[in-house]
Each structure stands twice: as structure tokens, then as C-alpha cells.
Amino acid sequence: MPYEKLEITAPTPVLSWANHPLGTAETKMAKNVASLPFVFKHVALMPDVHLGKGALVGSVLATKEAIIPAAVGVDIGCGMAAIKMPFTGEKLEGKLKKIRLDIEAAIPTGFNENKEVEKSVTNWQHWSDFKDLHRGVQNLETKAMKQMGSLGGGNHFIEVCLDTENYVWLMLHSGSRNIGNNLAQCHINTAKELAKMADNNLPDPDLAHFVAGTPEFEAYWNDLQWAQEYARFNRDVMMARFKRIVEKHLAGGKVTKPLLEVNCHHNYAEKEVHFGEDVYVTRKGAVRAQTEDYGIIPGSMGAKSFIVKGKGNAHSFCSCSHGAGRLLSRNKAKNVYTLDDLIEQTKGVECRKDEGVLDEIPGAYKPIEQVMANQADLIEVVATLKQVLCVKG
């Protein structure tokens, strides 16, 4: 059997695709979630599972008539986009540094926002719904508009990759920026206040939840769907700019048709049917992998990444991992590794090689090959990619 049923005393079983025992803190977090009365069937842990807030990153839970905002997380709709270009690697020779500088000039990273807002952004159909979002974000519409098409920080990235057939791929990782974070925090706070008022005896305050049919649930669900759409479109806007830059350098500016396009969330919740029942599925650091679903599983910036197709495995709630998963926290990575290590581990990749990205060193992540081997029953590999250029948030 590819997954293991963990020895956890809780009303709901926990199935794990990780090939290692969970640590004490992770076990406690899994048990806390599995002890909630509205968790359906079992909790599924992906091969890249690690500590999160409330629920483990790399966990999938189906719930009946309830949702946990902190389990969805604060980067609502965070995910990946990738396109396969009709070019091969030879065309990149001698151009990578120029392409990287153009990307850094065109797509804001970190806390930066766009100085000008393009037409495709102002025309986005969901701006008209902004007035219906939580009152706590009503002063953020201009900021949200300026951040549309920006990468953010942390482990968000933009990469040019080559597959095993030498085709060029464009790939990026980002979410719903400051607006998604603010919406999440507003609702997490409301859920915690409600739990306190109801004197709910929760195993962890971050498991405060909303019950379906209540105004608070409806408000959160509305804002969640909006932020997920924002995140998806944010990736589309960045990808369009990214594609134009690559076309400028590789095709003299001629517009080309991608051979394959993928855009998938890995921090989100949706209504789905599993084991014949309507449930809310929360994927916290996991990708939907229903039959024929395309997904993206990136490694670190010195490792391989994978374009995959789902096998629709019911036991994982049709899900797979969202990456390699961290081995070391950001602070620990900075203490363990040096700048020389970073330079060595990112050999052959056109990227920043300074202290500012030391916490993203490949050695801070689990080996992606092991993670992939553990989920052969969840997905099939469509393409194996290796990055040649990486811009970090």
C-alpha cells in the first residue's frame, strides 16, 4: 500500500504518503485536525508534509458543513502557472542574464507594486465585487489593483526551465498578495472570536471554524472565492508579461502559441464530491489531481520540477503534493548554509546569488525525487523540468 495509516488516537484516521515518521509537533497537529467532529472520512498527508499553522502544510481535509480559515491559510489561492513554449534551449544561449534583468524590471517582487496599472488589470471582471468583501479591506482596492501582476516574497519565484526534450518552459509561483492575506486575517480573527464566545474547547485556537449556513461562513466563502480568482488572474497577468519578454529575446517579439498551459492552486478550498458525499475540500499545500487534471510540482531552485497529470486517487481526495517541502526553517537554513554553499548548489542557474536568498537554498528542501516516488499512485509525470533561470520574490 503506497500510503500508511498513522498510529494516532483520534476519531478520524490519518493517511500519510510521507516516507518518514512525523515529528512530535507534526503528529500533534495531525491529531488535532483529526479530532474535529466535522472532518470527513480521513485526513490525507502528502509526501512533502511539514509544520504549518493549525493544519500541516501538505495536508488535505474534507469537511462537512464547516470550514477552517487558518487551514486554508493566509496566502489564499497561492499556486503555480507554467507554459510550454515552441522553442528549444539553443535559443537561450547568451540571453539568460538579459531575460532575467527584463523580468526583474517588468514584474515587481517582494513588497513592490506596479507603478502603472495596465488595461487588462483595470478591466478584470471581479473588481465590481470588491465592495462586497469584508469591511476590513475596503481601503485596499487601489493597493490590490497595483499589486495585481506582482510576485511577492518568500518562496515565490519565476523560472525559465528546459524539459528532457530541450523545450523551453516558463513557470511561476505566486498567490493573492496583500489583499488575500488581509482577507484571511480578518476571517481568522472572526472565527477565533466566535470560538471564544461559544467557549469551544478546540485543541488549537487556529482550528477555529465557521459553520455552513451562518452569515460568517457565507461571508468567508464569498471572500475566499474572490481571492482565489485574484490569485489565478495575478498569475495570468505575470505570465503574459513573462511570455512577451521571452518572445522578445527568442522570436524577435513575434507572438507565439504555447504548446501547453497549466494554472493550479495549492492553498485553497472548493466544494467537491468525495465518496459520494458533498464536502468542502481544503488543500493546504496540495494540488488537485483528479483524472486528467494537470498540476505542477516544483523542486527548489537547484532541483528538478515536474508537470504532472492526476490519477484521481480517492484516498488522497484526488490530490498530490505541491512541491518538495521544507527540511529546514528559513532561520535554520541561514544558520546552516553559507553564501559559498548557495553558489555551489545553484551552479548553472542564472539567479541572484546573495545572502538575501540564502533561506531558499536547495539544501533547505526535501529531495524532490523522493517526494515524487512516494506519490506514484497519485500522479503520472508528463514533463521533467530543470531551471536555467530563477527570479526569487
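Heavy atoms only: backbone and side chains are in, while hydrogens, waters and symmetry mates are out. Bear in mind the structure is a predicted one, so any value in this text is a computation, not a measurement.
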Asker: Just do the side-chain hydrogen bond (donor to acceptor under 3.5 Å, both in side chains) check on N181 and D75 with the steps written out, would you?
Answerer: CA-CA 6 Å; N181 183 4; D75 195 356; over 6 Å; no
Asker: Taking all non-hydrogen atoms of both residues, which atom of L224 and which atom of A269 are closest, and how far apart?
Answerer: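 Looking at all heavy atoms of both residues, the closest pair is CD2-CB, 3.8 Å.
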Asker: Do Y280 and F217 have ring centroids that are under 6.0 Å from one another?
Answerer: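 Yes - the distance between ring centres of F217 and Y280 falls below the 6.0 Å cut-off.
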Asker: Could you check, using the six-membered ring where one of them is a Trp, whether H274 and F40 have ring centers closer than 6.0 angstrom?
Answerer: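 Distance test on ring centres: not under 6.0 Å, no.
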Asker: Using the rule that two of Ile, Leu, Val, Met, Phe, Trp, Tyr join whenever any of their side-chain heavy atoms come within less than 4.5 Å, decide whether L133 and L140 are in one cluster.
Answerer: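 Linked, L133 and L140 end up in one cluster.
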Asker: Does either side chain, that of E218 or that of N222, offer a donor lying less than 3.5 Å from an acceptor on the other one?
Answerer: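 Result is no, nothing qualifies.
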Asker: Quick one: do K64 and E277 make a salt bridge, cutoff under 4.0 Å?
Answerer: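 So K64 pairs with E277 through a salt bridge.
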Asker: Would Q147 and N114 count as a side-chain contact (heavy atoms from CB on, under 4.5 Å) if you check the C-alpha gap in whole Å, the side-chain angles of each, and the deciding distance to 0.1 Å?
Answerer: CA-CA 6 Å; Q147 283 197 331; N114 294 286; 6.0 Å; no
Asker: Between F275 and H315, how do the two ring planes meet: parallel, tilted or perpendicular, split at 30° and 60°?
Answerer: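 Ring orientation of F275 relative to H315: tilted.
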Asker: Quick check on the hydrophobic clustering: are L15 and L378 connected, directly or via other members, by side-chain heavy-atom contacts under 4.5 Å?
Answerer: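 Hydrophobic grouping puts L15 with L378.
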Asker: Determine whether V168 and L170 make a side-chain contact, defined as any pair of heavy atoms from C-beta on separated by less than 4.5 Å.
Answerer: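 Yes; the side chains approach each other to less than 4.5 Å.
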Asker: Salt bridge between K392 and E104, side-chain N to carboxylate O under 4.0 Å?
Answerer: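 Looking at E104 together with K392, the answer is no, because their closest N to O distance does not fall below 4.0 Å.
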Asker: With salt bridge (Lys or Arg N to Asp or Glu O under 4.0 Å) as the test, would you mind laying out the steps for E380 and K311 before giving the verdict?
Answerer: CA-CA 7 Å; E380 62 174 288; K311 289 186 175 179; over 6 Å; no
Asker: Between V121 and W127, what is the shortest heavy-atom contact and its length?
Answerer: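 Smallest heavy-atom distance, with atoms named: O-NE1, 2.6 Å.
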Asker: Does the side-chain hydrogen bond (donor to acceptor under 3.5 Å, both in side chains) test come out yes or no for E216 and T190, once each step is laid out?
Answerer: CA-CA 8 Å; E216 292 84 3; T190 302; over 6 Å; no
Asker: Are E4 and S16 close enough that a side-chain donor and a side-chain acceptor fall under 3.5 Å?
Answerer: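 The answer is no; no qualifying pair exists.
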Asker: Using distance alone, with no hydrogens and no angle criterion, decide if D341 and T338 have a side-chain donor and acceptor under 3.5 Å apart.
Answerer: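 Side-chain D/A pair, D341 to T338: present.
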Asker: Is a donor from one side chain sitting under 3.5 angstrom from an acceptor on the other, for S150 and E113?
Answerer: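 No pair is found: no donor N or O on one side chain lies under 3.5 Å from an acceptor on the other.
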Asker: Classify the side-chain pair R283/S319 by whether it contains a donor and acceptor separated by less than 3.5 Å.
Answerer: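 The answer is yes; a qualifying pair exists.
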Asker: I'd like to know whether N335 forms a side-chain contact (heavy atoms from CB on, under 4.5 Å) with L328, so could you lay out the CA-CA distance, the side-chain angles of the two residues, the decisive distance to 0.1 Å, and finally the verdict.
Answerer: CA-CA 10 Å; N335 292 333; L328 303 178; over 6 Å; no
Asker: Tell me if the CD atom of E7 is crowded by more than 12 foreign heavy atoms within 6.0 Å.
Answerer: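 Not more than 12 within 6.0 Å, no.
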Asker: Distance alone, cut at 3.5 Å: any donor-acceptor contact between the side chains of R177 and N182?
Answerer: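 Their side chains do not contain a donor-acceptor pair, so the 3.5 Å distance test is not met.
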Asker: Quick check: are there more than 12 heavy atoms from other residues, nucleotides or ligands sitting under 6.0 Å from OH of Y167?
Answerer: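 12 or below, so no.
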Asker: Starting from the C-alpha separation in whole Å, work towards a yes-or-no answer on side-chain hydrogen bond (donor to acceptor under 3.5 Å, both in side chains) for N374 and Q370.
Answerer: CA-CA 6 Å; N374 289 5; Q370 185 62 63; 2.9 Å; yes
Asker: Inspect the surroundings of NZ in K386 and state if more than 12 heavy atoms from other residues, nucleotides or ligands are less than 6.0 Å away.
Answerer: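 Yes - once you tally the heavy atoms of other residues, nucleotides and ligands closer than 6.0 Å, there are more than 12.
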Asker: Answer with yes or no whether the side chains of D377 and W17 bring together a donor and an acceptor at under 3.5 Å.
Answerer: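 Distance-only check passes for W17 and D377.
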Asker: If the threshold is 4.0 Å, N to carboxylate O, is there a salt bridge linking D102 and K248?
Answerer: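 Yes, D102 and K248 are salt-bridged.
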Asker: Is there a path of hydrophobic side-chain contacts, each under 4.5 Å between heavy atoms of I/L/V/M/F/W/Y residues, joining V237 to L172?
Answerer: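 No, it is not one cluster - the side chains of L172 and V237 are not joined through contacts under 4.5 Å.
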Asker: What pair of heavy atoms forms the shortest contact from C264 to I296, and how long is it?
Answerer: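 In this case the closest contact between C264 and I296 is SG-N, 3.8 Å.
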Asker: Can you name the closest pair of heavy atoms from I368 and A303 and give their distance?
Answerer: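 Smallest interatomic distance, heavy atoms only, reads CG2-CB, 4.2 Å.
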Asker: In terms of heavy-atom contacts, does NZ of K53 have more than 12 from other residues, nucleotides or ligands at under 6.0 Å?
Answerer: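 At most 12 heavy atoms, drawn from other residues, nucleotides or ligands, come within 6.0 Å of this atom.
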Asker: Please lay out, stage by stage, how V43 and L56 fare under the test side-chain contact (heavy atoms from CB on, under 4.5 Å).
Answerer: CA-CA 10 Å; V43 177; L56 292 162; over 6 Å; no
Asker: Do L260 and I83 have side-chain heavy atoms sitting under 4.5 Å apart?
Answerer: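 Result no, sub-4.5 Å side-chain heavy-atom pair not found.
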Asker: Would you sort out whether E270 and R288 count as a side-chain contact (heavy atoms from CB on, under 4.5 Å), showing the intermediate values?
Answerer: CA-CA 10 Å; E270 284 295 354; R288 198 181 75 176; over 6 Å; no
Asker: Considering only NZ, NE, NH1 and NH2 on the basic side and carboxylate oxygens on the acidic side, decide whether R330 and E360 come within less than 4.0 Å.
Answerer: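 Salt bridge present between R330 and E360.
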Asker: Around atom NZ of K309, are there more than 12 heavy atoms from other residues, nucleotides or ligands closer than 6.0 Å?
Answerer: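 Count over threshold, so yes.
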Asker: Would you name the heavy atoms of R235 and G79 that are closest together and state the gap between them?
Answerer: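 Distance-wise, the nearest heavy atoms are NH1-N, 3.1 Å.
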Asker: Using the rule that two of Ile, Leu, Val, Met, Phe, Trp, Tyr join whenever any of their side-chain heavy atoms come within less than 4.5 Å, decide whether L162 and M85 are in one cluster.
Answerer: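 Same cluster.
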Asker: Aromatic contact between F210 and W221, with the criterion being ring centroids under 6.0 Å apart: yes or no?
Answerer: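 Between W221 and F210, which both carry aromatic rings, the centre distance is not below 6.0 Å.
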Asker: Check whether any side-chain heavy atom of W226 lies under 4.5 Å from a side-chain heavy atom of I179, and answer yes or no.
Answerer: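 Yes. Closest side-chain heavy atoms under 4.5 Å.
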Asker: Using the side-chain contact (heavy atoms from CB on, under 4.5 Å) definition, which of the options I188, T214, L183, I67 pairs with Y220?
Answerer: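 With Y220 as partner, side-chain contact (heavy atoms from CB on, under 4.5 Å) holds for just one option, I67.
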Asker: For a 4.5 angstrom cut-off between non-hydrogen side-chain atoms, does L151 reach I158?
Answerer: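 With C-beta onward as the side chain, the pair touches.
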Asker: Within a 6.0 Å radius of atom NZ on K131, are there more than 12 heavy atoms belonging to other residues, nucleotides or ligands?
Answerer: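 It does: K131 NZ has more than 12 such atoms within range.
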Asker: Flag yes if I68 and V14 sit in one hydrophobic cluster, no otherwise; membership is Ile, Leu, Val, Met, Phe, Trp, Tyr, and two members link when side-chain heavy atoms are under 4.5 Å apart.
Answerer: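 Yes, I68 connects to V14 through the hydrophobic network.
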Asker: What are the two closest heavy atoms between L92 and V160, and how far apart are they?
Answerer: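 In this case the closest contact between L92 and V160 is CD1-CG1, 4.0 Å.
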Asker: Using the rule side-chain contact (heavy atoms from CB on, under 4.5 Å), only one of M171, E159, K84 pairs with L385; which is it?
Answerer: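 Filter result, single survivor: M171.
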Asker: Could you tell me whether H126 and Y230 have their ring centroids closer than 6.0 angstrom?
Answerer: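 H126 vs Y230: aromatic centres not under 6.0 Å.
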